[in-house]
Amino acid sequence: MNQVRVRFAPSPTGYFHVGGARTALFNWIYARQHDGVFVLRIEDTDKERSNEESVGYFLDGLRWLGLDWDEGPVFQAGRSEEHRAAAAALIESGHAYRCFLTPDELKAMKEEAAANKTEGGFRSPHRELTQEDSDRRAADGEPFVVRFRVPDGETVEFVDLVYGKNVKRTGDIEDFVMLRSDGSPLYNLSVVIDDADMEISHVIRGQDHLSNTPKQILLYRALGKPEPVFGHLPLILAPNKAKLSKRKHGEIVSLLYYRDRGFVPQAMNDFLALLGWSPGAEEERLSLQDLVKRFDISKVNKSNAIFNYRGGDERNWTDPRAIAINGDYIKSMPLDDLLPMVKQEMERASLWQDNFNGERDDWYRNVIDLLRERIRTLDEFPLRGRPYFSDDFEMEERAVKKNLKKEGLAGLLPQFADRLEKLKVFDAETVEAEARAFADEREVKPGLVINGSRTALTGTNVGPSMFHVFEVLGRERSVRRLRAAEAIVTG
Ligand code: GLU
């Protein structure tokens, strides 16, 4: 079998859509499954809408996800001479023709066809011009577009890797435009010339291109080039079945937003893979290597995937499944992989200080290991980690009300602080024993002291195991915060 060569071919006209990211991922997986080549081609032929900033989004996004490409990036605009030459050759061989219809004439013809309910794909009357007439009118400077001469009475058949057998009668395919009147090539031409020149063996892309495929196959036939295998991927839609767009659905549609909001790249890959594909009954977390082993393009769903975006609630800022998957990764990934990611977040929030205390590294490991249990996105680390990294943290009103403004608490926290000061060892276990003994002696529930301590030490009423919080905060800060809280308790 010939070598598998696939490509990801984004148009850099805006942001990197999550649907595009999934297309890139599936191409990458397919290449890696078959010892193939993954080509990156930037389809920047739309000069008005393409921009360099947007090219950067694609490169950054692919790098972030770890989807390394083997060839490229090839910029399609740099190949327009090849595309024009191919169009000229197709005119020469009779597979294409110049159409001199003015825009007004074309509009009138299409309106007439619609009024008469004429069936079949559009054919220009200039399809029948003799070669001499066509050459003469072109030489006289009359503007023209180049149309493909769709053969009559044939069928185009292909077996899509996802959608299966597709059949289209050529009579229903219009004589599509390949070159505009300014000589600029259009998508169907450029994509086929490039895919053929780059020897792409499998074209894996969004389902929105399924309807272009018969036209492209006709082009391959006309060029005498081998047709690639096609595989189209279902669309990713909003819960109300609308197409996901930034205009309607906001930033959650953009891949890089996930990077900036604290997603772990592998969680994103995992989530993207599950949009439209499932590894089987048991859902589990899959690394890129697992995906290469397990993914099966023929098992991709034909029906469109739903992105369960709820919106409106910051806690559900994207599909809850995506957040849950990310939380799973944060909880279970090797700590050594997580720490640099968290450090970046801490630096961004100006909470990182080298040599925070003498045991910086161990201390840092312990805090992050403790915090990660309850954290779902990396950007929560500076938020929840603030009381550990800084003395300047907020006392949440709700927590104060619940845990500090408590009958019977007056005086207890400073007394508990006195006892902690005298402990020989200061770790979770001894602090716990001391807290329980202290509560017993004072004939109060341990919860009164423990919950009060939580708010005194971290400003919140939820968090990791409280005795471990004492341990990582250390004796000095714990004691100081317990004493400082008395002003709130009695205030
Ligand atoms: N540039 C096209 C797009 O972004 C991709 C075309 C293709 O994959 O054939 O939709």
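Just follow the structure's listing: the first ligand is 1, and inside any ligand the first atom is 1.
Residue contact check: Val191 has heavy atoms under 4.0 Å from atoms 9 (O) of ligand 1. Atoms of ligand 1 lying under 4.0 Å from any heavy atom of Arg7, numbered from 1 in the order shown and given with element: 7 (C), 8 (O), 9 (O). Close approach to Tyr187 involves these atoms of ligand 1, each under 4.0 Å from a residue heavy atom: 6 (C), 7 (C), 9 (O). For ligand 1, the atoms sitting less than 4.0 Å from at least one non-hydrogen atom of Ser11 are 1 (N), 2 (C), 3 (C), 4 (O), numbered in the order shown with element in parentheses.
Among Glu43, Arg41, His209, Arg205, the residue whose heavy atom sits closest to atom 10 (O) of ligand 1 is His209.
A parallel orientation is assigned to the rings of His202 and His34, their planes being inclined by less than 30° (bins at 30° and 60°). Using bins of under 30°, 30° to 60° and over 60° for the plane-to-plane angle, the ring pair Tyr257/Trp317 lands in the perpendicular bin.
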_Thr458 vs Thr460, test: side-chain hydrogen bond (donor to acceptor under 3.5 Å, both in side chains). Steps then yes/no._
CA-CA 6 Å; Thr458 65; Thr460 66; 3.1 Å; yes
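A 6.0 Å sphere centred on CZ of Arg127 holds more than 12 heavy atoms belonging to other residues, nucleotides or ligands.
Annotation: side chain of Arg41 is in contact with side chain of Val74 (closest heavy-atom distance under 4.5 Å).
For atom 5 (C) of ligand 1, the closest heavy atom belonging to the protein is Ala9 O, 3.2 Å.
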